[in-house]
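Read the structure below first, then the notes.
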Amino acid sequence: MSAERTRPTRLHYGAAKRLARDDDPAVRRALAERQDVQPEILYYLLEDPAPEVRRAVARNSAAPHQTDLALARDADDGVRSDLAEKLSRLAPDLMPDEHDKLTRIVVETLEVLAQDQAVRVRRMLAEALRDVAHAPPEVIRRLARDTELPVCAPVLEFSPVLSDEDLLEIIASEPVQGALGAISRRSAVGASVADAVVGSGDEQAITELLANGGAQIREETLDIIIERAPLIHAWHAPLVSRPKLPGRAACRIAQFIAHSLVEELRRRDDLDRETLSVVAKLVDQRLREEADAAKPQNPAADGKFDPSWEDHEDPHERVAELARSGRLDEETICEALAMGDRRFVAAALAFLGGVAEEMVSKAASLSSAKGIVALTWKAGLSMHLAVQLQLQFARVAPDTLLRPVADDGFPMSRKQLDWELEFLSSMGA
């Protein structure tokens, strides 16, 4: 009996109508907060002149969804913010039932809020829906394309609703600064999305991508990153820590990273013995070069690479021996690049192309991208290797590299290639 006496009495409809017309906004707000108030009363309070009363209706979880849709267009930012906060609590329970009338109303309400003029309303909605698997796709896509980073970043980084196709479209649309970084931090980044991020040239986004162990980065894409990496120190540490780092990439990275990172690279347990041996030799070579840095330099080279000046054993016998055994190929030249053996590279290019070694030396000393590409073509080697030769052999600046056209093709015509070779021949003479 005592339990029955203490049970709250349901508000009578007549009493609720009187309270809804009370002159005191505090009374009307208290009414709007009640869970047992009739829907008709809440509809009436939608037109209340006091924003705090309408905010109470927006926060009331017992309010029918039809009132939510009306409040989504309320003139007061606070009302719409409170509504977004309430719907955020309900969002995880959304079910993808497009034929349910109430579900359609909720989705329409979310669509209205996703277009709200107030950033805080859209941000609150994005935070609420960012990891909801059943969130309405159109709402998520709109939030993902928002021009304000606090709105788009949560869904770009976390939403399972976004497909790779969605992400590729967003990347292609040149979104707000920071959006690509959010995409790069996703728990899983597909190879095509990673390609697009790298292709954008966004340094911070690429840093995030390299640091993300869940990002699938193709070896060819990693090569493109490594081409630019010597001048971008923020990439060095994440490159060293990349999972499943190819041996060839590890050797290239060892040529420009700090010694502390080289030691970290050598401690990796997934690199084969041959790669570790090459890395060790590169470290020794760099230490020797640094020790000799104070010695007089070759004045003829003017700070550029001159194969005749470097104090290495004569590479020509090794080139001839490899040629006789059929092992003077692209892989061998790549290994020599990784080791920093420039004289061997120059001798090999000259031998394979049937040109004077002075032509190779001149192209390197001039940092001539066109000259290196022409010599690579003449030697019967690939444009992929030509990119590596430009960067590592001739020290061509990354932003002026000549890159492959379709199907790894050369970006110069036959006439242009022949002209470049003639020019180098005349320079060498």
Side-chain angles (χ1 to χ4, degrees), residues 201 220 223-224 226-231 252 255-256 297-312 314-320 322-323 328-429:
E220 297 82 0
D223 285 341
I224 295 172
I226 294 174
E227 288 170 15
R228 295 181 57 199
L231 302 178
R252 292 178 61 194
Q255 297 179 67
F256 56 78
Q297 300 297 310
N298 175 20
D302 192 27
K304 299 288 186 178
F305 162 59
D306 182 354
S308 64
W309 174 249
E310 295 194 357
D311 186 20
H312 293 300
D314 187 349
H316 299 93
E317 290 185 7
R318 187 152 55 100
V319 168
L322 288 169
L328 186 61
D329 54 18
E330 192 156 316
E331 184 178 355
T332 302
I333 295 175
C334 282
E335 291 174 358
L337 273 176
M339 290 291 294
D341 193 346
R342 294 169 176 168
R343 288 203 67 201
F344 175 86
V345 173
L349 284 176
F351 182 93
L352 290 172
V355 299
E357 195 167 328
E358 288 78 6
M359 293 172 59
V360 182
S361 303
K362 183 55 65 175
S365 66
L366 293 174
S367 295
S368 170
K370 291 183 178 179
I372 292 298
V373 169
L375 288 166
T376 307
W377 168 78
K378 183 67 173 174
L381 302 168
S382 73
M383 186 58 205
H384 178 77
L385 178 59
V387 174
Q388 311 306 320
L389 289 167
Q390 290 176 74
L391 185 70
Q392 300 176 67
F393 178 66
R395 296 170 181 155
V396 176
D399 58 347
T400 60
L401 289 173
L402 290 179
R403 301 182 184 276
V405 293
D407 299 325
D408 201 28
F410 284 80
M412 299 165 63
S413 68
R414 173 67 180 266
K415 183 177 181 181
Q416 291 172 320
L417 292 165
D418 285 335
W419 186 94
E420 199 66 37
L421 292 171
E422 289 177 11
F423 173 74
L424 290 173
S425 179
S426 65
M427 291 285 287

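For the single chain, residues carry numbers from 1 onward in sequence order. Only this structure's heavy atoms are used, side chains among them; waters, hydrogens and symmetry mates stay out.
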Check step by step if side-chain contact (heavy atoms from CB on, under 4.5 Å) holds for His316 and Arg343. CA-CA 9 Å; His316 299 93; Arg343 288 203 67 201; 4.1 Å; yes
Specify the closest pair of heavy atoms between Thr376 and Ser382, including all atoms of both residues, with the distance to one decimal. CG2-O, 3.3 Å
Under the salt bridge (Lys or Arg N to Asp or Glu O under 4.0 Å) test, residues paired with Glu330 that sit two or more places apart: none
Look at the side chain of Glu227 and the backbone N and O of Gln388, then say whether any donor-acceptor pair between them is shorter than 3.5 Å. no
What verdict does the side-chain contact (heavy atoms from CB on, under 4.5 Å) test give for Phe344 and Leu322, after you've listed the backbone C-alpha separation in whole Å, the side-chain angles of each residue and the deciding distance to 0.1 Å? CA-CA 11 Å; Phe344 175 86; Leu322 288 169; 3.6 Å; yes
What distance do Ile372 atom CD1 and Phe393 atom CZ have between them, rounded to the nearest 0.5 Å? 5.5 Å
I'd like to know if the side chain of Gln416 and the backbone of Met412 have a donor-acceptor N/O pair within less than 3.5 Å. no
Can you find a pair of side-chain heavy atoms, one from Pro404 and one from Val387, that are under 4.5 Å apart? yes
Minimal non-hydrogen separation, Leu375 against Met359, with atom names: CD1-O, 4.0 Å
Heavy atoms, side chains only, cut-off 4.5 Å: are Phe410 and Val373 in contact? yes
Do Glu220 and His384 meet the criterion of a side-chain donor-acceptor pair at a distance under 3.5 Å? no
Quick one: are Gln390 and Ser368 in side-chain contact, heavy atoms under 4.5 Å? no
Rounded to the nearest 0.5 Å, what separates atom CG in Leu381 from atom CG in Leu349? 6.5 Å
Could you pull out the closest heavy-atom pair between Ala347 and Pro315, with the gap in Å? CB-CG, 4.1 Å
Can you find a heavy atom in the side chain of Lys370 that is under 4.5 Å from one in the side chain of Leu417? no
Could you give the distance from CG (Leu389) to CG (Leu385), rounded to the nearest 0.5 Å? 4.0 Å
Rounded distance (nearest 0.5 Å) linking atom CG of Leu328 with atom CG of Leu352: 4.5 Å
What is the minimum heavy-atom distance between Val345 and Ala336, and which atoms define it? CG2-CB, 3.8 Å
To the nearest 0.5 Å, tell me how far Glu331 CD sits from Glu335 CD. 5.0 Å
Mind running side-chain contact (heavy atoms from CB on, under 4.5 Å) on Ile226 and Phe256 for me, showing each step along the way? CA-CA 10 Å; Ile226 294 174; Phe256 56 78; 4.0 Å; yes
Is Lys378 salt-bridged to Asp418, cutoff N-O under 4.0 Å? no
Rounded to the nearest 0.5 Å, how far does CH2 of Trp419 lie from OG of Ser413? 12.0 Å
Is it true that a side-chain atom of Ser365 and a backbone atom of Ser361 form a donor plus acceptor pair closer than 3.5 Å? yes
Would you name the heavy atoms of Ser367 and Ala394 that are closest together and state the gap between them? OG-O, 2.8 Å
Do you know which two heavy atoms are closest between Ala356 and Ala350, and how far apart they sit? C-CB, 4.3 Å
Let's go through Trp377 and Arg414 carefully: what are the C-alpha distance in whole Å and the side-chain angles of both, what is the deciding distance for side-chain contact (heavy atoms from CB on, under 4.5 Å) to 0.1 Å, and is it a yes or a no? CA-CA 10 Å; Trp377 168 78; Arg414 173 67 180 266; 3.3 Å; yes
CA sep, side-chain torsions, deciding dist, call: Arg228, Asp223, salt bridge (charged side-chain N to carboxylate O under 4.0 Å, His left out): CA-CA 9 Å; Arg228 295 181 57 199; Asp223 285 341; over 6 Å; no
